[in-house]
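The analysis underlying the following values was restricted to heavy atoms, covering all of them including side chains, and did not include hydrogens, waters or symmetry mates.
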Amino acid sequence: MEYKLIRSGRKTLALCVRKGVLEAHAPFGMPVGAIDKFVKEKEKWITDKLKAFADKPKPEILNYGSMVWYLGVQFPICARAGNRAGFDGKEFFMPPDLSADEIRDNVIKVYKTMAKKILPKRVEHYEKIMNVTSKSLMITSAQTRWGTCCAGGRLSFSWRLMASECEVVDYVVVHELAHLSEMNHSPKFWTIVESFLPNYKVLIKRLKSVDNNLKAKGL
């Protein structure tokens with residue numbers, strides 16, 4: 001069974017399947033024969049992992065005419081003369097003749113631009129209602145966290161949140177602002193969230209759908 005050998009200063013041998021490729025992470029000096037033997041012993045596990053990757057739905061390759069989500073609604077990607085990319089309320093527009101990777105990069109660029117416009121306003125809105133004040137706001141490319149609140153009141157939100165419905169965006173904003181009062185997920189914290197968004201449990205479930213929608217588009 002073929003594998004990609006990666007040596008490092010680690011003390012043990014480990015296998016992983018990354019993007020359909022088997023990787024063997026081995027210590028410096030470990031004999032290749034010992035690595036081959038270990039791979040042979042783990043053949044069933046490896047086969048199962050490779051099959052799971054092969055069966056996993058492949059994300060859509062974005063192109064002109066593809067539909068992408070913005071605030072819970074799908075809009076088309078369209079070519080427009082010039083060198084600008086943006087969103088005009090009807091479509092994600094960008095220069096013509098771009099490659100699939102360039103189209104994807106421009107979609108993300110538009111998401112980031114819109115996040116910088118919308119999220120500060122939503123934060124300001126709820127700061128007044130919740131009687132709290134944050135110190136700073138940053139837009140990130142986080143894949144596993146929709147938002148964070150660090151000690152001192154520094155907020156960060158993923159641009160991926162722009163694919164969500166407005167209510168879901170507000171939930172993440174309220175969630176992070178609630179941490180300014182309670183830096184934990186105690187019952188008291190959730191009581192704060194619920195006092196401003198009584199249906200927050202429903203909104204949490206919608207975030208999973210948003211994540212799935214983005215992944216389906218390769219975003």
Side-chain angles (χ1 to χ4, degrees), residues 57 59-80 82 84-95 98 100-130 132 134 136-149 154-180 190 192-219:
E60 176 184 348
I61 296 175
L62 295 181
N63 208 329
Y64 300 107
S66 297
M67 305 293 286
V68 288
W69 294 89
Y70 174 64
L71 296 183
V73 179
Q74 291 196 80
F75 295 92
I77 299 172
C78 298
R80 184 178 297 183
R84 291 180 59 248
F87 175 73
D88 62 4
K90 296 181 179 180
E91 60 189 30
F92 279 64
F93 64 85
M94 58 192 64
L98 297 179
D101 285 342
E102 289 171 329
I103 289 173
R104 179 181 179 277
D105 289 345
N106 273 278
V107 168
I108 293 173
K109 179 181 177 182
V110 174
Y111 274 131
K112 288 180 177 178
T113 298
M114 301 311 295
K116 290 175 182 177
K117 290 181 179 179
I118 290 174
L119 288 170
K121 293 179 181 178
R122 301 316 296 161
V123 168
E124 182 180 2
H125 172 77
Y126 278 103
E127 281 180 333
K128 293 176 181 177
I129 295 175
M130 299 172 70
V132 294
S134 60
S136 62
L137 190 159
M138 181 171 64
I139 304 302
T140 73
S141 296
Q143 294 283 319
T144 58
R145 288 180 178 269
W146 297 103
T148 60
C149 177
R154 294 186 299 276
L155 305 178
S156 66
F157 297 97
S158 173
W159 59 258
R160 300 175 85 244
L161 195 55
M162 289 296 94
S164 311
E165 300 163 80
C166 294
E167 266 194 310
V168 177
V169 173
D170 283 355
Y171 159 69
V172 177
V173 169
V174 169
H175 183 116
E176 301 311 329
L177 288 177
H179 279 310
L180 296 177
W190 291 112
I192 294 173
V193 173
E194 187 173 24
S195 67
F196 297 101
L197 293 174
N199 65 333
Y200 78 91
K201 292 181 181 180
V202 174
L203 301 178
I204 290 174
K205 292 180 180 178
R206 289 184 191 172
L207 276 171
K208 182 60 178 177
S209 295
V210 176
D211 186 50
N212 290 337
N213 290 338
L214 285 165
K215 288 178 179 177
K217 300 292 183 180
L219 295 166

*Heavy-atom distance under 4.5 Å between the side chains of Gln143 and Lys215, does that happen here?*
no
_Please report the interatomic distance CD1(Ile61) to CZ(Arg104), rounded to the nearest 0.5 Å._
12.0 Å
*Is there a side-chain contact between Tyr111 and Leu219, using heavy atoms and a 4.5 Å cut-off?*
yes
_Side-chain heavy-atom pair Ile192, Met130 within 4.5 angstrom cut-off_ = yes
_If I compare all heavy atoms of Glu176 with all of Cys149, which pair ends up nearest, and what's the gap?_
OE1-N, 3.2 Å
_Rounded distance (nearest 0.5 Å) linking atom CZ of Arg154 with atom OG of Ser134_ = 11.5 Å
*asked:* So, taking the atom named CZ in Phe157 and the one named CZ in Arg145, what distance separates them when rounded to the nearest 0.5 Å?
replied: 13.0 Å
_Please determine whether side-chain contact (heavy atoms from CB on, under 4.5 Å) holds for the pair Arg80 and Asp88, giving the CA-CA distance in whole Å, both sets of side-chain angles, and the decisive distance to 0.1 Å._
CA-CA 12 Å; Arg80 184 178 297 183; Asp88 62 4; 2.7 Å; yes
*Does Tyr64 reach the main-chain N or O of Ile103 with its side chain, forming a donor-acceptor pair under 3.5 Å?*
no
*Could you check if a side-chain atom of Val210 sits within less than 4.5 angstrom of a side-chain atom of Trp146, using non-hydrogen atoms only?*
yes
*Non-hydrogen side-chain atoms of Val169 and Leu119 separated by less than 4.5 Å*: yes
_I need the Gln74 CD to Phe92 CZ distance, nearest 0.5 Å._
10.5 Å
*Gap separating the CD1 atom of Ile77 from the CE atom of Met94, nearest 0.5 angstrom*: 5.0 Å
_Pairwise salt bridge (Lys or Arg N to Asp or Glu O under 4.0 Å) hits with a residue in residues 108-125, at least two apart_ = Arg122-Asp170, Glu124-Lys128
*Between Met162 and Ile118, what is the shortest heavy-atom contact and its length?*
SD-CD1, 4.0 Å
*Looking at Ser141 and Ser158, what are the two nearest heavy atoms and their distance?*
C-OG, 4.3 Å
*Say whether, by atom type as modelled, one donor and one acceptor occur between the side chain of Glu167 and the main chain of Leu203 under 3.5 angstrom.*
no
_Atom pair CG/CG of Asn106 and Asp101 - distance to nearest 0.5 Å_ = 11.5 Å
*Does some side-chain heavy atom of Val174 sit less than 4.5 Å from a side-chain heavy atom of Tyr171?*
no
*Check whether any side-chain heavy atom of Leu214 lies under 4.5 Å from a side-chain heavy atom of Val68, and answer yes or no.*
no
*Any chance you could lay out the side-chain contact (heavy atoms from CB on, under 4.5 Å) test for Arg206 and Ser164, step after step, and finish with the verdict?*
CA-CA 8 Å; Arg206 289 184 191 172; Ser164 311; over 6 Å; no
*May I ask you to decide if Pro76's main-chain N or O and Glu91's side chain share a donor-acceptor pair within less than 3.5 Å?*
no
*What heavy-atom pair brings Ala85 and Val110 nearest, and what distance separates the two atoms?*
C-CG2, 4.0 Å
*Assert yes or no for the condition that the ring centre distance of Phe75 to Phe87 is strictly below 6.0 Å.*
yes
*Does Asn213 use its side chain to pair, donor to acceptor, with the backbone of Ser209 at less than 3.5 Å?*
yes
*asked:* If you compare all heavy atoms of Pro120 against all heavy atoms of Ala115, which two are closest, and at what distance to 0.1 Å?
replied: CD-O, 3.5 Å
